[in-house]
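Accompanying notes for the structure given below.
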Amino acid sequence: MKTEARILMVEPRYFDVSYRINPWMQPDAWARDPKGCAAAANDASQALRRALARAGCEVVVRAGSPGLPDMVFPANAAIVLDGRALLARFRYPQRQGEEAAFLAMFHALRDEGLLAEVAQLPEGCFQEGAGDAIWDTRRDWFWAAYGPRSSRDSLARVREFFGKETVAMELVSDRCYHLDVCFCPLAGGEILYFPPALTAQALRNLRERVPADLLIEATEDDLARFSVNAVSVGRQIVMATPADRLRAVLTERGYHVTPVDLAPFMMSGGGAYCMTLRLDRASLADGAEPA
Ligand code: ARG
């Protein structure tokens, strides 16, 4: 199978749930059995790697850093397009240490030829990477969120840096603290999303741009299963174990869904998409085929 995507993952060696910066996080449950949870996280991370490889992806794995458990979510590390990486600025002090660690990792990726350029946002301009700026391969723009984590002024910075439109998607709830928890563009142009997570204006921005037959509404249950937080590569979708209904809807539309049990990472409020970062996203202007 030809390589469909190059995806960064971070080893779960230093992953744990020791603080609570989103309402899904369960530090108490983790603390009851840290060894068992860590072992389960290791298995789940391996399972995701295998699923991505089977979906035709090349997975680039890098080590995390001690004391920075949420580095396993590299979707938050940066926005990457056309070989250019714009590194995140984290809202919470618990994650701010990741900025330096990811900067070093991304410089190394650049030195290996996997990236062309690495840049940083100014301090104080919060932006949590591809978790809040989701590239739409069909439409050649970013769906860009602000609210719980990223700040509104980050949208203009992202637009300037990449020279691409940022469609504003304001988030209303702490449960959907990143856009990728509740919003997932698919390769065929559909958008899987959870409407209550978005402001009325964000819903207008979406519905003005995407025809109704391409909008797939996710349910409360899909959200809680972290199935919306999916990796979509061509006709392949890798997601935390979905409900039968969602799987059937996607199959009906011609997608092949690979479920992965990501329970240990859901204890931190994460699913498949946030455990990955596409390194090879290319804009249409550069002659790329949407994937
Ligand atoms: N515990 C992490 C946090 O709250 C989870 C991040 C998941 N990432 C994502 N893009 N949704 O920051």
Side-chain angles (χ1 to χ4, degrees), residues 7-10 12 14-31 34 37-38 41 44-45 48 64-65 67-80 85-99 101-102 126-135 142-151 154 158 169 171-185 192-194 197-198 218 222-232 238-240 260 262-278 281:
I7 287 179
L8 174 68
M9 284 183 66
V10 175
Y14 302 111
F15 173 65
D16 65 23
V17 184
S18 48
Y19 50 75
R20 193 162 189 268
I21 56 172
N22 74 61
W24 307 96
M25 293 183 83
Q26 301 175 44
D28 298 342
W30 186 280
C37 289
S45 173
L48 178 59
S65 304
L68 297 171
D70 279 340
M71 276 186 83
V72 291
F73 302 114
N76 301 132
I79 307 170
V80 180
L86 183 61
L87 270 79
R89 293 286 185 193
F90 288 91
R91 169 84 57 178
Y92 286 103
Q94 288 91 333
R95 295 199 68 178
Q96 285 167 354
E98 294 178 41
E99 291 175 16
F102 277 123
F126 299 117
Q127 202 293 319
E128 298 201 354
D132 265 347
I134 304 182
W135 182 246
F142 290 103
W143 299 101
Y146 62 97
R149 299 291 180 91
S150 300
S151 42
S154 69
V158 171
M169 290 280 122
L171 297 167
V172 289
S173 82
D174 274 344
R175 288 196 318 152
C176 296
Y177 59 94
H178 284 140
L179 185 61
D180 64 6
V181 175
C182 57
F183 190 95
C184 183
L192 172 64
Y193 76 119
F194 180 65
L198 299 164
D222 299 328
L223 194 74
R225 289 167 172 267
F226 276 85
S227 301
V228 185
N229 192 265
V231 180
S232 158
V238 177
M239 58 168 59
V260 185
L262 295 176
F265 297 98
M266 288 156 64
M267 289 170 74
S268 186
Y273 177 93
C274 45
M275 294 175 67
T276 63
L277 178 65
R278 279 287 294 263
R281 281 274 182 231

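Atoms within each ligand, like the ligands themselves, are counted from 1 in listed order. Any value given below was found using the heavy atoms of this structure, including those in side chains, with hydrogens, waters and symmetry copies removed. Not measured: the values here are computed from a predicted model.
Of the protein's heavy atoms, Y177 OH, 3.2 Å lies nearest to atom 7 (C) of ligand 1. Among protein heavy atoms, the minimum distance from atom 4 (O) of ligand 1 is reached at N22 ND2, 2.7 Å. Looking from atom 10 (N) of ligand 1 to the surrounding protein, the closest heavy atom is D180 OD2, 2.6 Å. For atom 2 (C) of ligand 1, the closest non-hydrogen atom on the protein side is D70 OD2, 3.2 Å.
When heavy-atom distances to ligand 1 are checked against a 4.0 Å cut-off, V17 has no atom that comes that close, whether in backbone or side chain.
Pairing each heavy atom of F15 with each of P69, the nearest pair is CD1-O, 3.3 Å. The two atoms that bring S150 and Q127 nearest to each other are OG-CA, 3.4 Å, heavy atoms only. The two residues A240 and R225 make their nearest non-hydrogen contact at CB-O, 3.3 Å. Scanning all heavy atoms of the two residues, the minimum distance from P74 to F102 falls at CA-CZ, 4.2 Å. Counting all heavy atoms, side chain and backbone alike, F265 lies closest to A44 at CE1-CB, 3.8 Å.
Each of L198, L223, V228 was compared with Y193 under the side-chain contact (heavy atoms from CB on, under 4.5 Å) criterion, and only L198 meets it.
No heavy atom of E128 sits closer than 4.0 Å to any atom of ligand 1.
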* Walk me through it: do V80 and R281 pass the test side-chain contact (heavy atoms from CB on, under 4.5 Å)? => CA-CA 7 Å; V80 180; R281 281 274 182 231; 5.5 Å; no

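Interface atoms of ligand 1 facing R149, defined by a heavy-atom separation under 4.0 Å, are 3 (C), 4 (O), 12 (O). Every atom of ligand 1 is numbered from 1 in the order shown, and the set under 4.0 Å from a heavy atom of C274 is 7 (C), 8 (N), 9 (C), 10 (N), 11 (N). Atoms of ligand 1 lying under 4.0 Å from at least one heavy atom of N76, given by number and element, are 6 (C), 7 (C), 8 (N), 9 (C), 10 (N). Which parts of ligand 1 touch R95 is read off a 4.0 Å heavy-atom cut-off, strictly below it: atoms 2 (C), 3 (C), 6 (C), 12 (O). Ligand-side atoms of ligand 1 in range of G269: 7 (C), range being under 4.0 angstrom from any heavy atom.
Annotation: ring-ring contact (aromatic ring centres under 6.0 Å, His included) contacts of F183 (sequence neighbours excluded): W143.
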